[in-house]
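For this chain, numbers begin at 1 and follow the sequence in order. Since the model is a prediction, treat every value here as computed from it, not as a measurement.
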Amino acid sequence: MINKVVCLMFFSKFKQKKMDLNAAVTYHYNQFPPVELDLGGLLPQLIKATSALARYDQMLKSMHNSELLLAPLRNQEAVISSRMEGTISTMDEILLFEAESESEENSSKNFRSEVLETIMYRRALQTAQSSLEKGYPISSHLIRTIHQQLLSFGRGAEKSPGSFKKEQNYLADKIKKKILFVPISPEMLPEGLDNLFHFMDQNSFPDIIKIALMHVEFEALHPFEDGNGRIGRMLITLYLWKAGLILQPHFYISAYFETHKDEYLDLMRNVSGSNHWNEWCEFFFKAVEEQAISNLEVVEKINELYDQMKTTFSDLLASKWSVTALDYIFTNPVFLNSKFTTRCGIPTPTASRFTRVLHDNGLLRVVQEASGRRSAVYSFEPYMKLVRV
């Protein structure tokens, strides 16, 4: 099994490093889509995945404003998906950056490069979701666009953002200096992508099967010099949403893949090495099922917290603006006091009183004290405890 401590999703050009090719698995030319799947054998896990996803989606539909309540979960996915590629940041750092953006006090120089790279992931995901809402298809053009945004800053900025690979890349164990997987050649990539998008548009397999096959195929194509894993996981959410399997694009699967990273990498490699499409699909369906259950638990807790806080805010603030304040703080669980008092639509003196009362009652924690012209930064701890990863 691939050891996740020493094996990284590290792709480079052959001419840059001398590595052993003996252990390498090569892309499965002319084998996608698979001619046969054991649909009977896959059916039990497929039903479990579909059922769990339906329960999760029903919860989204029952929420009075799922976009408002769950917007910070995009940051959670950005943190975990980026972490799988070695970019380490925290939810608190990401939300602090977002809180300080567009303010005179903000400077990207105050944040680690890993934080900014993770922010680029979240923004690329938003760009992709916005494009689908406007009716644009998932296409080579769209994935190049989101890739350009994803790698617009940090280490990836020197790895051809928005451009498909022009030289062969590979997955390597850097410590053992062994190449583990050789993706499709650059010359065959356009045909491979066309084949993938045609499969997603025209094949009659159930949508979850198509999405399972799409993900492993995209990773095997590895169309970019860097950022393929993050784009590939992003596409899972986008296709689930595009297919109508989820009401809003709030299904994020990276947490399961991170927890089972060894198995995740092995099974994708075994598709090319041993034609194990069925084994991959079963793993993917299990990932969807367990992540849907986990997501459902988080969403239920968020929904319960919102309902509880409606009463709490009303009692503490004793104002017709209490729900307005609650909605702002739920959407921005880390926020500058100056932005809250001037942008939430509440009269400034009233908003200022609200933050004092909520802080005094333990609902807000001071992240940064006010200093000179610099506003205080608050964290809404009841929410943050639910979404920290």
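Rounded to the nearest 0.5 angstrom, Ile184 CD1 and Asn195 CG are separated by 8.5 Å. A distance of 7.5 Å separates CG in Leu240 from CD1 in Ile253, rounded to the nearest 0.5 Å. Of the inter-residue distances, the one linking Leu267 atom CG with His260 atom NE2 reads 11.0 Å to the nearest 0.5 angstrom. Remark: Met234 CE to Leu238 CG distance equals 7.5 Å, nearest 0.5 Å. Trp321 CH2 to Thr350 OG1: the interatomic distance, rounded to the nearest 0.5 Å, is 8.0 Å. Going from atom CG of Leu42 over to atom CD1 of Ile208 covers 12.0 Å, rounded to the nearest 0.5 Å.
When every heavy atom of Arg269 is checked against every heavy atom of Leu180, the shortest pair comes out as NE-O, 2.8 Å. The nearest pair of heavy atoms linking Asp92 to Arg365 is OD2-NH2, 3.9 Å. The shortest heavy-atom contact between Thr341 and Ser352 is CG2-OG, 3.6 Å. Between Ser379 and Met384 the shortest heavy-atom distance is OG-CG, 3.4 Å. Gln76 approaches Leu386 most closely through the heavy-atom pair NE2-O, 4.5 Å. For the residue pair Pro183 and Gln168, the shortest heavy atom distance occurs at O-NE2, 3.0 Å.
Looking at Asp207 and Tyr239, their side chains never bring a donor and an acceptor atom within 3.5 Å of each other. Between the side chains of Ser81 and Arg233, at least one donor N or O sits under 3.5 Å from an acceptor N or O. Side-chain atoms of Trp280 and Asn278 include no donor-acceptor pair closer than 3.5 Å. For Tyr256 and Glu289, the side-chain atoms include no donor-acceptor pair closer than 3.5 Å. Side chain to side chain, Thr118 and Arg122 fail the donor-acceptor criterion of an N or O pair below 3.5 Å. For the residue pair Ser375 and Asn337, no side-chain donor N or O sits within less than 3.5 Å of a side-chain acceptor on the partner.
For Glu100 and Arg374, the salt-bridge test passes: some basic side-chain N is under 4.0 Å from an acidic carboxylate O. Looking at Glu381 and Lys385, no side-chain N of the basic residue comes within less than 4.0 Å of a carboxylate O on the acidic one, giving no salt bridge. Taking a cutoff of 4.0 Å between a charged side-chain nitrogen and a carboxylate oxygen, Glu98 and Arg123 qualify as a salt bridge. In summary, Asp57 and Lys61 engage in a salt bridge, as defined by a charged side-chain N under 4.0 Å from a carboxylate O. A salt bridge does not link Glu85 to Arg230: none of the charged nitrogens lies less than 4.0 Å from a carboxylate oxygen.
No more than 12 heavy atoms of other residues, nucleotides or ligands sit less than 6.0 Å from atom CD of Glu191. Within a 6.0 Å sphere centred on NZ of Lys210, heavy atoms belonging to other residues, nucleotides or ligands number more than 12. Residue Tyr29 qualifies as enclosed at atom OH: its count of foreign heavy atoms under 6.0 Å is above 12.
Contact check for Leu317 versus Leu358: side-chain heavy atoms found under the 4.5 Å cut-off. With a 4.5 Å cut-off on side-chain heavy atoms, Phe285 and Ile209 count as touching. Using a 4.5 Å heavy-atom cutoff, the side chains of Leu142 and Leu132 are in contact. Put simply, the side chain of Ile138 reaches to within 4.5 Å of the side chain of Phe197, judged on heavy atoms.
The aromatic rings of Phe283 and Phe257 lie parallel to each other, with less than 30° between the two planes, well short of the 60° mark. Between His28 and Phe32, the ring planes are tilted. Angles from 30° to 60° get that label. Using cut-offs of 30° and 60° for the angle between ring planes, the Phe205 and Phe199 rings count as perpendicular.
Aromatic rings from Phe181 and Tyr170 are positioned such that their centres are separated by 6.0 Å or more.
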Taking it one step at a time, do Glu114 and Ser89 satisfy side-chain hydrogen bond (donor to acceptor under 3.5 Å, both in side chains)? CA-CA 6 Å; Glu114 289 85 353; Ser89 58; over 6 Å; no

Does the side-chain hydrogen bond (donor to acceptor under 3.5 Å, both in side chains) test come out yes or no for Tyr27 and Glu217, once each step is laid out? CA-CA 9 Å; Tyr27 173 78; Glu217 179 66 8; 2.5 Å; yes

Would you please test Lys286 and Glu290 for salt bridge (Lys or Arg N to Asp or Glu O under 4.0 Å) and show each step? CA-CA 6 Å; Lys286 183 68 172 177; Glu290 295 204 6; 3.1 Å; yes

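Looking only at distances, no side-chain donor or acceptor of Asn270 sits under 3.5 Å from a matching main-chain atom of Gly273.
Sorted by first and then second residue, the pairs that involve residues 137-151 and meet side chain to side chain donor-acceptor pair (under 3.5 Å), not counting sequence neighbours, are Thr127-Gln149. Applying the ring pair (Phe, Tyr, Trp, His ring centres under 6.0 Å) test to residues at least two apart or on different chains, the pairs with a partner in residues 331-351 are Tyr328-Phe340, Phe335-Phe340, Phe335-Tyr378.
Residues passing the side chain to side chain contact (heavy atoms under 4.5 Å, CB included) test with Ala292, sequence neighbours excluded: Ala52, Tyr56, Phe251.
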